[in-house]
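Report on one structure; see the data block that follows.
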Amino acid sequence: MHTSSAGLSALLLAALLSACSSSTSEVLASLPDAQPAVLSDSAAQKSAVLGLSSAERQLSLRHWSASTLAVTIDPRKTLRGPVSLRLERADGEGGDVIEVTPGSVTLKDRGVTAVELKLRPTQVAFPAPGGPQSWRLVASQGGQELGRLPLTITLATVEFSFTLAPVTAREGQTVSATLTVDADSREVPPFTFSLSPYIPDERTQYELVDDPQRPAQYRVTSLPATFQVPILLKSFPGVQLPPDSAAFQLSVDGLNALGSGRYGPKYVRANLYWKLAR
């Protein structure tokens with residue numbers, strides 16, 4: 001009798017354990033896949049090996065112009081050797097690059113290290129980012145992040161001006177128009193550009209004297225820069241010209257070499273104003 005009762009108890013216990021196991025498996029299967037923990041900037045700062053701080057947390061930077069940022073680095077552990085510094089977008093996207101100089105700092109043996117960084121955007125995406133964007137200054141060593149400083153940065157592109165001086169000429173005459181190139185930043189690297197009619201239909205009214213298939217290249221090494229542009233003003237039979245002056249638009253091509261589609265072909269233009277000599 002006792003043997004039969006013990007066997008029945010064992011069977012009931014096995015069935016109960018099987019049901020519990022099945023229920024647990026169903027619960028686990030219904031749970032979402034485990035996701036890796038992502039530290040916020042504030043959490044990352046608290047757990048950082050290095051403390052990074054600055055009185056400036058909101059910056060406005062212009063393409064190719066260098067700006068300064070004073071940063072204090074406070075080691076929370078003993079470190080040896082140089083520490084690398086870089087700026088990266090907080091959203092992980094590329095397309096905007098800001099150089100940091102110096103790119104590495106050797107910390108003092110004890111206490112905080114104060115350093116003045118030069119920040120220089122070398123690429124600005126098109127269209128230019130609208131308003132402030134979240135960035136972070138990251139300190140690392142041997143590929144391991146040691147600390148970060150959240151920053152709010154507004155990027156702006158350089159505004160160029162291409163100005164052609166007014167001319168007076170007869171129909172069928174070639175004139176040498178003076179072109180002045182300038183920008184609201186003098187730190188722009190050397191670049192090359194060419195000119196072409198902005199409106200193709202106007203080729204019948206004027207023509208750049210250089211071979212249209214191989215337009216003249218103009219090289220800017222410093223700003224402001226001045227060039228002489230030969231232009232043939234053709235005849236205008238049956239065309240009623242304005243009594244004072246006429247304007248032709250020239251397209252400035254090749255500025256995309258500056259590292260941003262913001263300066264792409266047909267985006268910047270120069271206007272030639274001229275009076276018809278009688």
(request) List the steps, then state whether side-chain contact (heavy atoms from CB on, under 4.5 Å) holds for L52 with I73. (result) CA-CA 5 Å; L52 301 178; I73 306 175; 3.7 Å; yes
(request) Report the distance from atom CG of L149 to atom CZ of R136, rounding to the nearest 0.5 Å. (result) 11.5 Å
(request) To the nearest 0.5 angstrom, please state how far the CG atom of L232 sits from the OG1 atom of T174. (result) 4.5 Å
(message) Looking at every non-hydrogen atom in both residues, tell me the closest pair between V188 and S185 and how far apart they are.
(response) CG2-O, 3.6 Å
(message) Tell me whether the count of non-hydrogen atoms from other residues, nucleotides or ligands lying under 6.0 Å of CD in E116 goes above 12.
(response) yes
(message) Please determine whether residues F227 and L255 belong to a single hydrophobic cluster, defined as Ile, Leu, Val, Met, Phe, Trp and Tyr linked transitively by side-chain heavy-atom distances below 4.5 Å.
(response) yes
(message) Measuring only between side-chain heavy atoms, which start at C-beta, is R186 closer than 4.5 Å to S222?
(response) no
(request) Carefully, step by step, assess I153 and I98 under the rule side-chain contact (heavy atoms from CB on, under 4.5 Å). (result) CA-CA 11 Å; I153 298 179; I98 301 177; 4.1 Å; yes
(message) Is it the case that the ring center of Y263 lies less than 6.0 angstrom away from the ring center of F193?
(response) no
(message) Would the distance check show the side chain of R62 and the main-chain N or O of V158 forming a donor-acceptor pair, the cut-off being under 3.5 Å?
(response) no
(request) May I ask you to check whether over 12 heavy atoms, not counting those of R80, lie within 6.0 Å of atom CZ? (result) no
(request) Calculate, to the nearest 0.5 Å, the distance between atoms CD and OG1 belonging to E56 and T68 respectively. (result) 6.5 Å
(request) Side-chain contact test, heavy atoms from C-beta onward, threshold under 4.5 Å: evaluate it for L151 versus L69 and give yes or no. (result) yes
(request) Quick one: closest heavy-atom pair of R57 and P150, and the distance? (result) NE-O, 2.9 Å
(request) Look only at the side chain of S54 and the backbone of A70, and say whether a donor-acceptor pair between them is shorter than 3.5 Å. (result) yes
(request) Determine whether L195 and V252 make a side-chain contact, defined as any pair of heavy atoms from C-beta on separated by less than 4.5 Å. (result) yes
(request) Mind listing the closest non-hydrogen atom pair of R219 and P190 along with its distance? (result) NH2-CB, 3.5 Å
(request) Spell out, as yes or no, whether a donor-acceptor pair under 3.5 Å connects the side chain of D184 to the backbone of E159. (result) yes
(request) Heavy atoms only: give me the nearest V181-F191 pair and the separation to one decimal. (result) CG1-CZ, 4.4 Å
(request) Determine, stepwise, if the pair L117 / T101 fulfils side-chain contact (heavy atoms from CB on, under 4.5 Å). (result) CA-CA 6 Å; L117 302 176; T101 305; over 6 Å; no
(request) For Q228, look at atom CD and say whether over 12 heavy atoms of other residues, nucleotides or ligands are found less than 6.0 Å away. (result) yes
(request) For the residue pair V49 and P75, establish whether any side-chain heavy-atom pair is separated by less than 4.5 Å. (result) no
(message) Is the shortest side-chain heavy-atom distance between L79 and L50 below 4.5 Å?
(response) yes
(request) Please answer: with hydrophobic residues joined when any side-chain heavy atoms are less than 4.5 Å apart, are V97 and L85 in the same cluster? (result) no
(message) Keeping T178 on the side-chain end and A165 on the backbone end, is there a donor-acceptor pair under 3.5 Å?
(response) no
(message) If hydrophobic clusters are built by linking Ile, Leu, Val, Met, Phe, Trp and Tyr wherever their side-chain heavy atoms come under 4.5 Å apart, do I231 and V167 end up in the same one?
(response) yes
(message) Counting neighbours of CZ on R170 that are heavy atoms of other residues, nucleotides or ligands and sit closer than 6.0 Å, is the number greater than 12?
(response) no
(request) Nearest 0.5 Å please: distance from the OH atom of Y218 over to the OG1 atom of T192. (result) 12.0 Å
(request) Using a 4.5 Å cut-off on heavy atoms from C-beta on, say whether the side chain of W135 contacts that of L61. (result) no
(request) State, yes or no, whether a side-chain contact exists between N271 and F248 at a heavy-atom distance under 4.5 Å. (result) no
(message) Consider side-chain hydrogen bond (donor to acceptor under 3.5 Å, both in side chains). Of Q123, H63, R89, which one does D96 pass it with?
(response) R89
(message) Let me check something: do V138 and V115 share a hydrophobic cluster, defined by ILVMFWY side-chain heavy atoms less than 4.5 Å apart, either directly or through other members?
(response) no
(message) side-chain contact (heavy atoms from CB on, under 4.5 Å), that's the test. Do L155 and Q133 meet it? Break it down for me.
(response) CA-CA 8 Å; L155 292 175; Q133 304 289 318; over 6 Å; no
(message) For the CZ atom of F160 and the CG atom of D182, what is their distance to the nearest 0.5 Å?
(response) 9.5 Å
(request) State, to 0.1 Å, how close E187 and R120 come at their nearest heavy-atom pair, and which atoms those are. (result) O-NH2, 3.7 Å
(request) Quick one: pull up OG in S140 and CD in E145 and give me the separation to the nearest 0.5 Å. (result) 7.5 Å
(message) Would you say that P197 contacts Y206 through its side chain, given a criterion of any heavy-atom pair below 4.5 Å between the two side chains?
(response) yes
(message) Quick check: closest heavy atoms across A169 and L233, and the distance to 0.1 Å?
(response) CB-CD1, 3.5 Å
